Amino acid sequence: MMKYYLMAPGPSMIPERILLEMSKPIIHHRTKAFESVIEIVRGQLKSVFQTKNDIVVLASVGSGGMEAALVNCFSAGDKVIAVNGGKFGERWSTQARKFGLNVVDLEVPWGEAVQIEKFSEVLAKNSDAKGVLCQACETSTGVSHPVQEMGEILKKKPSTLFLVDAITALGISDIKTDLWGLDVVVTGSQKAFMLPPGLAMVSMSDKAWAFNEKAGLPRFYFDFKEELKNLQKNQTHFTPAISLLQGLKIALEMMHEETLPKLFNRHKRLAYATREAMKAIGLELFSKSPADSITAVLSPPGIDGEKLVNLLSSKYNVTIIGGQDHVKGKIFRLGHMGYCGDFDVISLVAATEMALADLGYKNQVGEAAAKATEILHKGLI
Ligand SMILES: Cc1ncc(COP(=O)(O)O)c(C=O)c1O
């Protein structure tokens with residue numbers, strides 16, 4: 001028997017407390033008992049999203065939340081600027097194009113964050129854009145985009161919405177939805193919220209709700225107005241993912257017990273320890289603006305990142321993920337979000353350095369774990 005570690009950029013590990021809650025016999029959703037679950041979830045989600053507005057919770061994966069955001073805000077032919085610096089930027093851009101939006105791609109080299117000067121330039125050239133789409137964390141590259149600064153710029157543009165995919169950022173980093181002017185924020189259940197995949201959560205600002213009134217794209221299942229009407233009665237439009245919502249209630253309870261400042265700080269420390277551990281064995285980070293949820297590392301010369309991922313799984317029972325598209329085999333990605341603590345990260349970097357040594361990398365096994373341990377022990381940040 002070998003203990004299993006799920007250290008991917010999502011899904012993330014699920015605490016026993018949540019698993020136990022979700023294993024309870026199912027209840028019906030049109031009952032007072034379930035309404036009280038929604039009532040609690042509604043209130044607590046607002047504080048994690050840092051918004052005064054209700055959060056629409058959909059039975060869907062994150063990509064559904066991204067699609068729902070588009071169809072609830074825009075009409076065919078509307079121009080949107082899509083920050084495209086990785087797999088998920090590309091996905092939102094493609095979704096928007098499929099729905100007939102006029103997409104201007106703001107191409108960003110993989111591994112880099114969008115530059116504010118470049119963003120302002122593209123925005124000035126496309127002053128008729130109705131929306132800007134951007135990832136808070138581009139999971140395929142481990143990059144954190146400057147959504148706070150972008151939000152400040154877009155706050156001054158009443159006819160442009162700012163839509164943020166925060167699927168690997170919300171509940172990990174301090175994302176101030178209302179304060180920063182993030183009109184639509186999308187997240188999913190399988191990352192910071194420590195749940196299985198299956199819930200998408202989307203916040204809408206007052207400005208976004210005003211766009212919703214005029215949005216002409218067809219929608220039926222993903223109709224935010226219908227969802228909001230029901231949510232205000234602590235109900236959902238369709239049959240909700242009942243067990244996941246019960247699990248979400250516990251996840252939110254756990255997040256609030258820890259307190260949000262401590263939760264953000266924990267992710268910062270874990271990310272810092274992971275980065276420094278990788279650097280301590282001579283590795284280079286792929287991301288020039290690293291996120292707190294995942295760490296993307298360049299595979300050293302002569303070592304295939306895919307082989308490393310496979311060996312970590314087959315020999316050490318640790319799941320990490322490799323690169324996608326043109327960085328397949330060239331990078332590997334370590335997840336440290338949600339139900340993840342100091343000793344998970346120490347195990348993660350220890351397993352990584354062992355597998356690297358197995359593949360012929362000339363590292364001194366133990367150095368990465370020692371660096372992470374030192375940082376987490378002394379709180380060097
Ligand atoms: C930044 C980002 N956007 C979108 C998605 C897509 O989410 P899902 O796989 O739940 O559809 C992911 C999933 O990893 C993600 O990390």
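The structure displayed is predicted, hence computed values, not measured ones. Counting starts at 1 for both ligands and their atoms, in listed order.
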**Q.** Donor + acceptor pair across side chains of Ser203, Thr177 (<3.5 Å)
**A.** no

Under 3.5 Å between any N/O of [X] and any N/O of ligand 1: does that happen in this structure?
| X | value |
| --- | --- |
| Gln135 | no |
| Glu138 | no |
| Pro9 | no |

Who's the nearest protein heavy-atom neighbour of [atom], and how far?
| atom | value |
| --- | --- |
| atom 11 (O) of ligand 1 | Ser63 OG, 2.5 Å |
| atom 15 (C) of ligand 1 | Thr139 OG1, 3.5 Å |
| atom 12 (C) of ligand 1 | Phe88 CE2, 3.3 Å |
| atom 3 (N) of ligand 1 | Asp165 OD2, 2.6 Å |
| atom 8 (P) of ligand 1 | Gly62 N, 3.6 Å |
| atom 14 (O) of ligand 1 | Lys191 NZ, 2.6 Å |
| atom 9 (O) of ligand 1 | Gln190 NE2, 3.9 Å |

Q. Is there a salt bridge (Lys or Arg N to Asp or Glu O under 4.0 Å) between Glu138 and Lys87 once you walk through the steps?
A. CA-CA 8 Å; Glu138 172 51 76; Lys87 241 1 228 180; over 6 Å; no

Q | Heavy-atom closest contact (Val48 atom, His256 atom, distance) | A | CG2-CE1, 3.8 Å

Does a side-chain N-to-carboxylate-O contact under 4.0 Å join [X] and [Y]?
| X | Y | result |
| --- | --- | --- |
| Glu257 | Arg17 | yes |
| Arg266 | Asp342 | no |
| Asp178 | Lys52 | no |
| Glu213 | Lys225 | yes |

Q: For ligand 1, indicate whether the residue Cys137 contacts it via side chain, backbone, both or neither (heavy-atom separation under 4.0 Å).
A: backbone

Q: Determine, stepwise, if the pair Asp105 / Ser93 fulfils side-chain hydrogen bond (donor to acceptor under 3.5 Å, both in side chains).
A: CA-CA 7 Å; Asp105 278 301; Ser93 163; 2.8 Å; yes

Q. Strictly under 4.0 Å, does any heavy atom of Gly188 approach an atom of ligand 1?
A. no

Q: Please state whether Arg91 comes within less than 4.0 angstrom of ligand 1, counting heavy atoms only.
A: yes

Q: Identify, by atom number and element, the atoms of ligand 1 in contact range of Met66, meaning under 4.0 Å from any of its heavy atoms.
A: 4 (C)

(Q) Using the side chain to side chain contact (heavy atoms under 4.5 Å, CB included) definition, which of the options His237, Gln232, Gln235 pairs with Glu227? (A) His237

